[in-house]
Each structure stands twice: as C-alpha cells, then as structure tokens.
Number of protein chains: 2
Amino acid sequence: MTVTIKDIAKVAGVSYSTVSKALNDSPLVKGETKKKVAAIANEMGYAPNFAAQHLVSKKSKIIGLIWPTIERAVLATLVTKISNELNKTPYSMILSVDPLERSLETFKKYKVDGAILFEEDVNVKISNFSPPILVYGVSRNNSSDYPVIDPDHQQAILKAVTYLYKLGHRKIAYIGQIPQNDPRQIAKYEGFKKALKKFGIEELNKTSIINTEGLDWYDGYSAINKLLALDEPVTAIIGGSYDISAGIVRGLKDKQINIPEDISVISYDNIPQMENQEVPLTSVGVPVEQLAIKIVHTLIDLMENEQPLPQVTMMTPVLTERISCAPIKQYY
Amino acid sequence: MTVTIKDIAKVAGVSYSTVSKALNDSPLVKGETKKKVAAIANEMGYAPNFAAQHLVSKKSKIIGLIWPTIERAVLATLVTKISNELNKTPYSMILSVDPLERSLETFKKYKVDGAILFEEDVNVKISNFSPPILVYGVSRNNSSDYPVIDPDHQQAILKAVTYLYKLGHRKIAYIGQIPQNDPRQIAKYEGFKKALKKFGIEELNKTSIINTEGLDWYDGYSAINKLLALDEPVTAIIGGSYDISAGIVRGLKDKQINIPEDISVISYDNIPQMENQEVPLTSVGVPVEQLAIKIVHTLIDLMENEQPLPQVTMMTPVLTERISCAPIKQYY
DNA sequence: TGATTGTTTTACAACGTTGTTATTTAGAAG
DNA sequence: CTTCTAAATAACAACGTTGTAAAACAATCA
C-alpha cells in the first residue's frame, strides 16, 4: 500500500489539493503549511506516482537513448555515466539498440520527452518525431539540423601534441584508425596533422602516422611492429582510442620498451579506466563525466524551454596527467 | 494530438468502454464489433496511453535491469538482446548501473514490475523489495533464494571437450581465468577437469591448464607464450571467454601457427561476434539470443503468475561449429 | 403477450495527480 | 459592526484507461 497525497492530506488535516501545491512549492500555500506537509510526506515515505503525473502533465519524464550497435569501452562508460546523471534528475531512460527508425518508433510509443542519439553522421534525416533530439557526435562546419554535443576531437589531439612538444618531443607518432566515413576518427587525424604544422614539425613526421584500420586492442598492439620498422625512431606516441592505446602499452612492453623512460605515450579518450592500465596513461579528451553531465542537462534544457535554434556545443578537452609521459632526456 | 479510445468511440459510433473492451479482446463484445473497432483504431494510428493504463492497473510494465559495473562484450550483447526481446513484449526496461541497494531504491521509485540481476554471488540478500527478481548467474547446489537462470558452464566445457575428443584430440589445453571468488570461472574450470577425468585423459593434461589471471584480450594472447613453453605440446585449446579466445587467435597467428591445421581452438561464450574473428571460432555456450529469451520470459512469467518457489533453470549449452577445429591428422 | 434468459452495450467510478475555480478566513477600511 | 480585499485553503474537473454495475436489446418459452 503506497502512500498518496490523500493519505498525507488526512494526516496533515488539509485537503489533498493543498498537499499537491505544498509539495510543488506553490506560492499559493503558506510557508508554514508547506513545511508541515513536507515533513509528514517525508515521514510517511511518500513517493509521487509517475503514471498519474504523466497522465495529467502529458510529460513522460522518460528520455530515449539510441545505443550504437558497436560496443566500445568508452561508449559503454558514457552510457553508464549518463544513466547515473539522469538518476539525479526526475528523468529516467530507456535504451534502444535498434536502428534509428525503429528506435524512434519505440520512443513514440513510450511518449519519451526527448532523445539522445549517438551518431557518426550528424546529418541524419529524422521524420515524424517531435520531441527534441540531441546528438552526440562531430558537427560539420559548426552547424547541424539538430543540437549537437561535440567533444572537439581536433582540439584534444592538439593539446596532446602541445603537451608532448613542451616536454621536448619532436618525433611524435599517431596510431589510430583512419577510415573514410567516420568523422570522429577523421577529426583526430586532421587534428594531428594540423598540430604538426602549427609546431613546424610536420616534415619529420610524414611517415609516423599509422592507420590501424581497426579500433581494437590488437590493432594498437600490432601497430607497434610497424612503428619500430620505420627508419625514423619516435620518442612519443599518441594512441587514437582507449583500446588502441591499451594495445600500444602491451606492444611496447613485449618489446622491452619502457614507458615513459624510452617512449612517452598519450591516449585519446578521457575515461577513468586509463588509470588501470599497466602504466597509468596520460590522456586527452573531454572527461566522460563532464560529457554525460553536459548531454543530460542540454537535453533537459531543450525539453523544458523549447530552444529556438539547433545549437552546436563544442566541449573543451582536458589533458589528464598520469605517468606515461616524460620529458625528452637530452633536454635536461 | 494523440488519439484516445474516446476518439475511436466517436468514429465507431459506440461507447468508449466498448472500445476498451474490444481492443482488449474481451468476450463481452461481439466479434463483429471487435473487428470494426480494431480496424478504426489501426487506421487512426491509436496507441494506448501507458500512463493511464499504469494508473488504473497498478502495473508499470517496466522492468529494471541491474547492469554489472564491468563491461564485457558478452554481457553487453546479452543486455542488447534482452532489450530486443523486451521490445516484443508490452514491457520496457530501465537500466541501473548503481550498486544493488541503490538500484533497488531507484526501481522502487519507478514501481518496476520486476528486476533482472546479473550477479556472481547468487546468495545476495535483498531486503524490502517486493517485485520478483530474476538472477542470471551460477546456482549453488541447484538452489537459491531467488529464481536463477544458469547457463551451465560445466556442461558447456564438457561439450567442448567431448567434441574435441571425438575429433581425435587427446592433448587439450584450457586457457582461462581461475579466480577464487567468481563462480562462473570456477564452474568452467571444474567442468574442464571433470571432462578430462571422464575421458581418462586427465594425466596427460596436468600442466596444460593456464590461469590467465584476467579476462582480457591480452591475457589470452600472452597465455600462448606460456603454453608453447610447456614440454608437452597440445593439439587443441579451449578458451575460457570471448576476449581470451580472441587473444589466443592473435597469439597463434603471431607465432605462425595455423588454426585449425596446426591447432584447434574452441571458445566459451556463444555470441554472434565469434563469426567475425580472423578465424571464425567454433564455440560452446548457451546462445545469447536464447538466454535473453529465457530471461525475459521467465521474468514475465514470474511477474504475471506469482510462482510459488524460487526455481533454478539450467540452460543447455550448444556447440556452434565454425571453422576453428579440425580432426587430428594421424587419425585419417 | 409477457416473463425469462442471455447477449451486447453503456454508464460511471476509480486510479493519483495537477490546475482552475470556488470558498473560507482574517485583517483592513469605512 | 458591516463591507471589502487579499491570502489561504478547499472543491472539483480533467487526464486515458479498466472493471463493475446497470441498462438495453434480442431471442426463447409458456
């Protein structure tokens, strides 16, 4: 037997509509009454009935999340954090693992108030779905048909290169996947090239960009062989993703190359798991917690205040120092 | 403006309560009327209002899933499949990534009708939570305080060994994690030892059990070195998990050992991704789809028909042949 | 024909909440 | 003391659905 506002009303000796207003902090009830009602509600363990609220308010307080088919540690972590963040709000989340169109069908059935979409291609066309949609991905030319949260891959890589440069590194490799159609990977790759140009160390690094052709652990691992086969040895490596960097660490270890004494390593993706690598990895990227908070609150904003224009939000990546980078020796 | 049963009633020229009954296939309305109403509802794009249904029925039609903190491919896939399966039912799912107690708090707030718990330790104590809970894990002595779905790890490994034995293999290695406190891993390990005993090949294999101490790709990869260092060469390997087996495949490849010509490999975990390995892996285990179906429908059963006793359901693992195993040469 | 029964339909309360309108109360002004 | 006003509270419809009780209709029987 769950307690309702009517139960509270009886105990408090007021009408149930007063209880409703009191609990919603309405200016129509006396402060004193509010306090009394709140106390009683708390004591009785009152929890509002979402169904009733939904019925009258026309708001479901549910948001839909379209989960990408490929499971990667980073995205799983992001989903986790988003879920955590949502728990602090009145909203809850339903997950859909179906393709976009089917997902939206499901969301319509459940009358979600909004949706989050993890999508590489920001320029998807969505028809016949009215609640606000927030996409997490790369914005093209800082514009998009939908509001976008963009973790600014380019700037992240730039920060990594800057950091290494300041430590004295001039020969820096980039190990990552460089496919034709994944704007995220392309952004990182472009970021790397731009950074080299900025610091004027472009020429030295012509060959030390290694396309792993995959995003898995082993892709990073085997890239080390290719790297060592190059004529120009390198003093630092930027790994394009968590998994790739994990492979890099293993690969270097197997070759008896020490991190950071012999070579510095820095990884894209700023997730807590970086700490748990055999060598805790210095990494760049927007911390997932921050990303999750931004995503959740931007969507809530969108749902509650009818924003006029689709907005692109660039997030600022941060560099988290751990112990996988060291200054170049001859500089000291 | 969404359509309600009242809208349908007007068009159909009947009362809205008749519409409600017709749509619920009640015996109280004429077949003819049912058809007419159904047709109109369909045409008007009617979708029931869950909030209203929940309010009157006291059922939320939501189930809670407690997501384990560690993200592994297999569990992610299982969650995915469960979500898919749930989509075919009137139920939807909310995810919680919090620890057990907090998860249950959340679930109470949302008035879930039931919960699924991925848990190593089946003998958790849960207080103050009334909806049925289904746990996915290893049953101890075929009994538990809660209904359990158990994928029968032991039998799975037995099937793997039997299969290899019939192909003529006598020297079989097991590469897996063997921790003190994870019943799942222990069950597989025990299964392997029992199988050897059954086939009388126990003695030969004393040394060819390799504890990877981890469940990651690299753990399987590096286990290959240890395996090759053994005096007794082996003709077949059983990998204890998807990730470990993926590492095994890479490890063998790096040593120029061909699968299945030089060595046969079979993996625990029956997920579709096995197909996408460099060598599509023959694998044993309850197929995730089946697992998902069983989990979902057992829980629904539990929720809808108040089962009397907590029941342990052992699932039968199947062996899916792909191309990573071959008969021993000298037998042919 | 009217009573009796069974079938089909309708009316309506209920679920727990919010928002609007009506009522009560208290204090100020005349 | 009324009368008026503002503040506080109460009453009640509404949200969309289900289930129960009541009504309408049709067919059967005496």
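Convention: sequence-line order gives letters A, B, ...; per-chain numbering from 1.
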Whole-Å gap separating C1' (C:dC15) and CG (A:D7):
13 Å
Spacing between A:E32 atom CD and C:dT25 atom P, to the nearest angstrom:
17 Å
Looking at D:dG16, C:dT17, C:dT8, which one has an atom nearest to any side-chain atom of A:I5?
C:dT17
Does some side-chain heavy atom of A:L302 sit less than 4.5 Å from a side-chain heavy atom of A:P147?
yes
Main chain of B:V79, side chain of B:S83: is a donor-acceptor contact present, judged purely on distance under 3.5 Å?
no
Measure from CZ on B:F50 to P on D:dT17 and round the result to the nearest Å.
11 Å
Tell me which nucleotide among D:dT18, D:dA10, C:dT9 gets nearest to the side chain of B:T33.
C:dT9
Starting at atom CG of B:D25, determine the distance to atom C1' of C:dT8, rounded to an integer number of angstrom.
15 Å
Find the distance B:K59:NZ to D:dT17:C1' and express it as a whole number of Å.
16 Å
Grab the CG-C1' distance between A:L55 and D:dA14 for me, whole Å please.
9 Å
Proximity to the side chain of A:T4 - top-ranked nucleotide from C:dT17, C:dT9, D:dG16:
C:dT17
Return yes when atom NZ of A:K34 has more than 12 non-hydrogen atoms of other residues, nucleotides or ligands closer than 6.0 Å, and no otherwise.
yes
Whichever of A:G31 and A:Y16 has its nearest DNA chain D nucleotide further upstream toward 5':
A:G31
From C-beta outward on B:K30, which listed nucleotide comes closest to its side chain: C:dG16, C:dT8, D:dT18?
C:dT8
With heavy-atom distances below 4.5 Å as the criterion, would you say the side chains of B:L55 and A:N49 are in contact?
yes
Between A:S15 and D:dA11, does any side-chain N or O lie under 4.0 Å from OP1 or OP2?
no
Enumerate all atom pairs, one protein N or O and one N or O from nucleotides 20-24 of chain C, separated by less than 3.5 Å.
residue	atom	partner	partner atom	Å
C:dT20	O4	A:K21	NZ	3.0

Nearest-angstrom distance from the residue atom NE2 of B:H54 to C1' of D:dT17:
13 Å
Under a 4.5 Å cut-off applied to non-hydrogen side-chain atoms, are A:M314 and A:D150 in contact?
yes
Using five pairs at each end of the helix from C:dT1-D:dA30 to C:dG30-D:dC1 to define an axis, what is the angle between those two axes, to 10°?
80°
Quick one: sort the A:F129 and A:F107 rings into parallel, tilted or perpendicular, breaks at 30° and 60°.
tilted
Between CG of A:L23 and P of C:dT18 the distance, given in whole Å, is 8 Å
Given side chains that start at C-beta, do those of B:V286 and B:N270 come closer than 4.5 Å, heavy atoms only?
no
Any salt bridge linking A:E32 with A:K35? Criterion: basic side-chain nitrogen under 4.0 Å from a carboxylate oxygen.
no
Check each residue of residues 37-46 of chain A for a non-hydrogen atom within less than 4.0 Å of any atom in DNA chain C, then write out the ones that pass by number, or none.
A:Y46
Side chain of A:N49 - closest among C:dG16, D:dT17, C:dT18:
C:dG16
Give one of base, sugar-phosphate or nothing for A:V56, where a contact means two heavy atoms less than 4.0 Å apart.
base
Check whether any side-chain heavy atom of A:I300 sits under 4.5 Å from a side-chain heavy atom of A:M303, and report yes or no.
yes
At under 4.0 Å between heavy atoms, what does A:V14 touch on the DNA or RNA strands: base, sugar-phosphate, or nothing?
sugar-phosphate
Got a sec: does the NZ of A:K61 have more than 12 other heavy atoms crowding it under 6.0 Å?
yes
Residue B:Q53, side-chain heavy atoms: nucleotide from D:dT17, C:dT18, C:dT10 that is nearest
D:dT17
Can a side-chain donor-acceptor contact be found between A:D113 and A:S60 if the only test is distance below 3.5 angstrom?
yes
A:V135 side chain near A:V148 side chain, heavy-atom distance below 4.5 Å:
yes
Considering only NZ, NE, NH1 and NH2 on the basic side and carboxylate oxygens on the acidic side, decide whether B:R102 and B:E105 come within less than 4.0 Å.
no
Give a yes/no answer on whether the side chain of A:S20 brings an N or O atom under 4.0 Å of OP1 or OP2 in C:dT18.
yes
